[in-house]
Amino acid sequence: MKFNMDEQVSRRGTLSFKWDQGEALFGDSEVLPLWVADMDFKCPPAVIEALTERAKQGIYGYTIRSREYVDAIIGWFQKRHGWSIAPSWLTDSPGVVPSLSIAVEVLTEPGDEVILQSPVYNPFYNVIVKNGRKLAESPLLLKNGRYEMDYEKLEMFMKNGAKLLLLCNPHNPGGRVWTKEELQRLGALCIKYGVKVVSDEIHCDLVFHQNRHIPFASISQQFADITVTCLAPSKTFNIPGLQTSFTVISNPELRRKFVNRMETLAIGEVNFFGPVATIAAYQEGAEWLDSVLEYVHGNVEFAIAYFSEHMPQLKPVRPEGTYLLWVDCRALGLGSNEMKQLMYQEAKIAFTEGSIYGTGGEGFLRINLACPRQLLAEALSRFSSAVAAKLGS
Ligand SMILES: Cc1ncc(COP(=O)(O)O)c(C=O)c1O
């Protein structure tokens with residue numbers, strides 16, 4: 001392999017959200033962290049070089065958004081996803097979560113119902129509730145180890161007046177890459193009941209083999225008209241700390257509302273490093289990404305085999321995309337606090353405890369697989385010893 005994903009890069013003492021909060025969050029600095037979604041792999045060499053050159057300039061002034069940056073984004077989505085984006089549809093944002101929150105704010109009124117499909121990335125809850133909107137939770141259905149949408153429940157909420165749906169495509173933490181048919185069925189309901197869609201597609205590039213990411217807005221003009229798509233190079237190329245992302249909104253009316261709010265908050269300017277990294281990543285990072293996908297897929301296989309051999313009571317949900325493995329640990333019969341104790345105190349590892357993702361999450365754990373295999377093996381070994389002790393006790 002051209003890129004060495006087995007390299008263990010020490011991140012402790014780098015102000016890392018993942019590696020430097022062991023004591024504060026888990027009561028022990030030695031806890032192995034496989035939780036928050038960033039990768040323990042170095043970024044594509046082209047990104048490191050571009051950022052190093054940028055840093056060498058030594059003056060970090062206000063910066064402009066270049067045509068090259070816009071073209072890099074458009075080129076990537078055309079080539080990788082067959083999606084044609086017009087330059088005018090793009091708006092820069094410091095993060096996908098801020099974009100989700102602003103979209104909820106401008107597309108609904110206080111008290112309106114906003115639908116999400118649990119278990120789902122936990123900030124989805126905040127951006128609804130903290131904006132004073134009502135939560136309409138439609139739990140996904142786990143059928144034969146694969147999540148499906150509950151169209152009946154979704155339609156019930158829409159019929160009752162829900163105004164907006166937050167879609168997570170691909171889905172974190174369930175690992176589904178929604179198919180065109182599934183999205184078409186969902187979109188048809190949204191059109192029927194006048195429901196708008198905010199589609200968080202931050203994991204769009206992290207898709208395995210025969211699966212294909214379908215941008216919801218790319219399916220039809222009608223779908224595009226009701227949709228705000230939130231995107232970023234951050235998950236794909238491991239640059240979330242640069243806080244650089246963008247939205248795609250082709251409907252001028254929706255875009256005007258979104259941009260107006262961004263301008264009110266004065267948060268739409270690009271930062272000094274983000275666009276440079278974005279250009280390098282989208283123009284030169286494809287080969288690196290393909291290696292990462294291959295490596296992470298190897299980790300998926302490794303982890304699934306490990307569970308089957310050493311912890312057969314626990315059932316991983318095979319992901320079609322994302323670098324996150326969602327594991328059904330309900331056989332342990334533990335509540336969320338006991339699960340945390342098992343991880344942090346007994347196993348000395350930190351996966352993410354599932355109840356934070358809402359209904360259907362309790363009893364599950366989410367493992368971040370974007371790390372060297374040796375680290376994953378160590379974490380699984382610690383976990384299985386603790387599980388064995390728990391089951392034996
Ligand atoms: C579905 C999803 N959306 C958004 C984010 C974070 O986006 P940002 O850091 O750009 O706010 C994550 C990070 O894990 C995620 O999984």
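Order of appearance sets the numbers: ligands from 1, and atoms from 1 within every ligand.
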Point to revise | Trp76-Phe237 aromatic ring centre distance below 6.0 Å | key: yes
Review point. Quick check, are the ring centers of Tyr147 and Trp178 under 6.0 angstrom apart?
Key: no
Review point. If you measure from each heavy atom of Ala232 to ligand 1, is any distance below 4.0 Å?
Key: no
Practice item. Check whether any heavy atom of His203 sits under 4.0 Å from an atom of ligand 1. Key: yes
I'd like to know if the side chain of [X] reaches the main chain of [Y], judged simply by a donor and an acceptor atom lying under 3.5 Å from each other, with no hydrogens or angles considered.
X      : Y      : value
Ser16  : Lys18  : yes
Asn271 : Leu242 : yes
Gln283 : Glu68  : no
Asn251 : Glu253 : yes

Are [X] and [Y] close enough that a side-chain donor and a side-chain acceptor fall under 3.5 Å?
X      : Y      : value
Gln78  : Ser84  : yes
Thr63  : Arg54  : yes
Tyr357 : Asn172 : no

Near [X], which atoms of ligand 1 are under 4.0 Å from a heavy atom of that residue?
X      : result
Gly95  : 10 (O), 11 (O)
Cys168 : 1 (C)
Asn172 : 15 (C), 16 (O)
Ala37  : 14 (O)

Residue and atom name of the nearest protein heavy atom (relative to [atom]), distance in Å to one decimal:
atom                    : value
atom 8 (P) of ligand 1  : Val96 N, 3.5 Å
atom 5 (C) of ligand 1  : Tyr121 OH, 3.2 Å
atom 7 (O) of ligand 1  : Ile202 CD1, 3.4 Å
atom 13 (C) of ligand 1 : Lys235 NZ, 2.7 Å
atom 1 (C) of ligand 1  : Asp200 OD2, 3.3 Å

Below 3.5 angstrom, do we get any N/O pair linking [X] and ligand 1?
X      : value
Ser234 : no
Pro98  : no
Ser245 : no
Val97  : yes

Review point. Given the protein's heavy atoms, is any one of them under 4.0 Å from atom 3 (N) of ligand 1?
Key: yes
Point to revise | Glu181 and Arg185 ion-paired at < 4.0 Å | key: no
